[in-house]
Student: 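Got a structure for you, written out below as structure tokens; questions coming shortly.
Since the structure is predicted, the reported quantities are computational estimates derived from the model, not experimental observations. Throughout, a chain's letter reflects where its sequence line sits, starting with A, and its residues are numbered from 1. These numbers come from the heavy atoms of this one structure, side chains and all, not from hydrogens, waters or symmetry mates.
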Amino acid sequence: MRFLIALWAGKLVMWLVRVLGRGKGSSLPGMVALKLDPQILRRLARQPRRGVLMTTGTNGKTTTNNMIARVVSAAGYSTVVNTEGANLITGVTAAFLKRATVTGRVDCDYALLEVDEASFPRVTRQVRPGIVVITNFFRDQLDRYGELDKTITLIKDALQDMPGDGSYPGQLDQSSLAGNGLFADGPLSGQPGPAVTDASGNATRTGKDGPGAALPAAGAGTDEPSGAVHRDGRESTVPVEGIPCPAATRLVLNADDPLVAQFAQTTGLTAVYYGLGAHAGVSRQAAAAREAKFCPRCGSELVYAYYHYSQLGNYHCPGCGFTRPEAAVEGLEAHAAGTAGACRIRFPGGGRSLVIPVHGLYNLYNGLAAFTAGLLLGIDPDTIIAALGAYTPATGRMERFNYRGKKTVLLNLVKNPTGFNEGLAALLAMDGPVDVLIAINDNDADGRDISWLWDVDFEVLEEGHRPVAQFVCTGLRGAEMGVRLKYAGVPVDKIRVCDSLTDAVRLVLDGPGRAACLLATYTALWPVERILSGYAEREQKHVANLPSVS
Amino acid sequence: MLQICHLYPDLLNLYGDRGNVIAFTRRCRWRGLEVTVRPVNLGEKVDFKEMDFLFLGGGSDREQNLMAEDLMERAGSLQAAVEDGLVVLAICGGYQLLGRYYRTLEGRTIPGLGLLDFYTEAGRKRLIGNVAVEVELAGEKVRIVGFENHSGQTVLGSTAPLGRVLAGNGNNGRDGGEGARYKNTFCSYLHGPLLPKNPRLTDHLIRLAMQRRGLPGGLAPLDDALEQAAGDVMLHRLLR
């Protein structure tokens, strides 16, 4: 009964928020429902027939999860997805609430959840994922004071509690992957029934074409044991019976990030790696925002053959031998193709060429992660490639607009040095001249401390500012952004500080550039997007209408 | 020609504090004053006496320990340089390290370099937020702004504070002092980073460094409209 009251209250709040038009309402309903029944997520999240897939990490969670959602939907499955970047336990709960019937039934094949790094342990106490995708670890502006190490440890601990399939990940080579149940041949969980504890090896399918393999999630149909929650409503810290318990949790890891790659060994779970091979744009030099100078295992300084960006690259440790694992899914010859990213993908059993209609190397990583997850779910590679090619970015993830048919406008969220550096790289690769808007807020959700701006490599603009017609700095801390650009060596006459967001957007739209690039922190993004969409049209570009790719 | 020593840039590269070195450098170069920046990482040799400006930032616990270990071995020559009037800016963890000791919550005492007379104790509550401070530079009262984020609470002995807190916590949230100042050594909890948006403080440090090196002439004025605007945003917000 408590469950139903919480469910109805959550749904009511969801409806109220929508009717009253107060915000997007993505977390409040979950908050209310969890308050009334702290176990509600547990009961909702064990219902997806084929299991739960989670994506966590610092950058690229939203994009990766949305890409996976595209892929899974293209294969004909129904899903629950938290698509709006509402990635705390409240947002995850709200995503299920939205889908649940009034009796609390969630009718879907997969739940695809983007989970905030810091919330990961809390969410996984109620939801057991069959697959966990980890994108990367960078210091966010919110956790630049030693919190990253703590976050990584928390995720590691949460993963260590999960059941593995006993195979030692380091021993898997590519040729054995397909036959190892890692790709396509995973066990099916079938219909809801009693908790599956010994599903491994049962009921395999060829998975060559959909519907492919389900995550080995259990469909637990029974009620919660009453001892799961403390009297005062606090969550139990130990896993309790009744959690949908997949036979094995598998990891999809970014091979190029040493902070992520270490997870296979430290958690003992089976891992499949994706990564980018060397390409024309790799750097031999470390960027300023590099996080992991030191081996996560032994503390020696890592040696890199090359860097993609930040600490992503081809590394090895001279101290303990920790080295970039071979990527089962590897992107080769990565390059920009107009406003799209492209590479050739090599994977066990084949190769394909991938083109995704979003800017930036980091989006190729997101695409590779989604490709790998798709393969693990047994989805046909051609279906995956087509779905990724038709991907449309979420708000502010290199979203494209068109202003009066004459100006291409890109809108992108910036929230930490690594992401901002990549945003700058994408900006400088655009056909100039470009009008640039940078909106910096320092509200709680942005991080009140904006000193991270000084860890961004704006110094590339000292030489590279030429294609930029003007920098319009706005937001609560726009003036400070102007100072940052000045001290990076941008000529002062190109820097303009404008307090009004509307005026700032108008300035770049009507500026002399042929294109515009708008970069905004979290709380500045929505207002900028709203103003922008009043003047410019959102483009729905698919690969087919992209400029020809050579 | 001025020589800047940037201590442990590889280790302490995540707090935006390198902006202090950027600001010092730029403001010299804009005036035609030559500067070289000498990054000094763990174990690398440096003669502090030859330097004109030394910057020391802070890091997370792990980085802080590595840096403390390395600096301990240089304590003697650093002390001599400080006494000789070397211009030093130490921020947050770097600040704490120059004092007598740091006492953890468990009561363990970690010795500092002891160059300045103060100590720091771990507090239960982290002091986080924007700060405005009034400092006296060459006889003039100047308002500076920054962002503090520290759990250590510093108590000054005979050392003078850098300034008086107008808004925020400062050294310990109790006595109204922020930072410390001894000869040409300036310590502060303020990130932000401190120097770019407080150009008068930056110029004060440059002037002191020039005087010590015996370089003639004053500093040509610069157009600081942007810096002024950035500082004013915060002063208005905090002192309204």
Side-chain angles (χ1 to χ4, degrees), chain A residues 138-150 286-294 299 301 310 416-418 440 442 444 447-459 462 471 473 475-490 492-493 495-499, chain B residues 9-11 13-27 29-30 41-42 57-64 66 91-93 126 128-130 145-151 190-199 202 222-234 237:
Chain A
F138 302 120
R139 263 169 235 245
D140 233 313
Q141 78 281 19
L142 297 173
D143 56 23
R144 292 162 59 248
Y145 296 87
E147 296 293 313
L148 183 67
D149 300 339
K150 213 165 82 191
R290 200 152 63 83
E291 322 288 327
K293 285 196 97 68
F294 304 99
E301 191 157 350
S310 201
N416 50 36
T418 303
I440 305 293
D442 64 347
D444 284 347
R448 291 159 62 210
D449 179 9
I450 59 164
S451 49
W452 63 276
L453 289 174
W454 291 81
D455 289 325
V456 180
D457 260 335
F458 289 108
E459 277 66 22
E462 178 163 26
F471 292 90
C473 303
L476 298 172
R477 305 298 292 274
E480 196 133 338
M481 186 61 233
V483 172
R484 177 68 188 101
L485 291 174
K486 177 181 174 183
Y487 282 83
V490 174
V492 181
D493 57 14
I495 304 168
R496 189 151 176 185
V497 177
C498 179
D499 287 341
Chain B
D10 284 2
L11 197 61
N13 62 356
L14 295 160
Y15 303 85
D17 290 328
R18 71 178 181 141
N20 293 312
V21 174
I22 295 174
F24 192 99
T25 308
R26 288 278 180 198
R27 295 185 74 80
R29 289 190 181 147
W30 284 334
N41 288 301
L42 293 176
S60 63
D61 290 351
R62 181 184 164 282
E63 292 147 358
Q64 192 85 15
L66 286 169
I91 301 290
C92 202
R126 227 180 152 77
I128 305 174
N130 288 297
V145 289
F147 192 95
E148 63 181 339
N149 188 335
H150 54 110
S151 57
L190 302 194
H191 300 281
L194 182 62
L195 295 189
K197 60 186 154 194
N198 296 298
T202 316
L222 298 172
D223 177 2
D224 289 334
L226 266 177
E227 291 87 337
Q228 193 73 43
D232 284 351
V233 165
M234 196 41 69
R237 193 192 290 182

Student: Would you say B:Glu227 and A:Tyr487 make side-chain contact, with heavy atoms under 4.5 Å?
Tutor: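 Sidechains of A:Tyr487 and B:Glu227: in contact.
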
Student: With a 4.0 Å cut-off on N to O distance, would you call B:Arg237 and A:Asp442 a salt bridge?
Tutor: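 Result for this pair is yes, salt bridge flagged.
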
Student: About how many Å separate CZ of A:Phe458 and CD1 of B:Ile22, when rounded to the nearest 0.5 Å?
Tutor: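 Going from the CD1 atom of B:Ile22 to the CZ atom of A:Phe458 covers 10.5 Å.
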
Student: What residue in A:Arg484, A:Glu462, A:Met481 has the most heavy-atom pairs under 4.5 Å with chain B?
Tutor: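 Ranked by contacts with chain B, first place is A:Glu462.
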
Student: Kindly say whether A:Trp454 contributes a backbone atom to a donor-acceptor pair with the side chain of B:Arg18 at under 3.5 angstrom?
Tutor: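 Checking the backbone N and O of A:Trp454 against the side chain of B:Arg18, a donor-acceptor pair under 3.5 Å is found.
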
Student: For A:Arg477, is there an ion pair with B:Asp232 - N to carboxylate O distance below 4.0 angstrom?
Tutor: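 Salt bridge between B:Asp232 and A:Arg477, a charged N being under 4.0 Å from a carboxylate O: no.
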
Student: Given that the side chain runs from C-beta out, which part of A:Leu453 has a heavy atom under 4.5 Å from chain B: side chain, backbone, both or neither?
Tutor: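 Answer is neither: A:Leu453 stays 4.5 Å or more from chain B.
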
Student: Check B:Arg26 with A:Glu459, please: is the shortest side-chain N to carboxylate O separation under 4.0 Å?
Tutor: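 No.
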
Student: Could you check whether any side-chain heavy atom of B:Leu226 comes within less than 4.5 Å of a side-chain heavy atom of A:Val497, counting everything from C-beta outward?
Tutor: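 A side-chain contact exists here, since the closest heavy-atom pair is under 4.5 Å.
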
Student: Based on non-hydrogen pairs under 4.5 Å, which of B:Gly19, B:Pro193, B:Ala229 is most in contact with chain A?
Tutor: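 Looking at each option in turn, the highest pair count goes to B:Pro193.
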
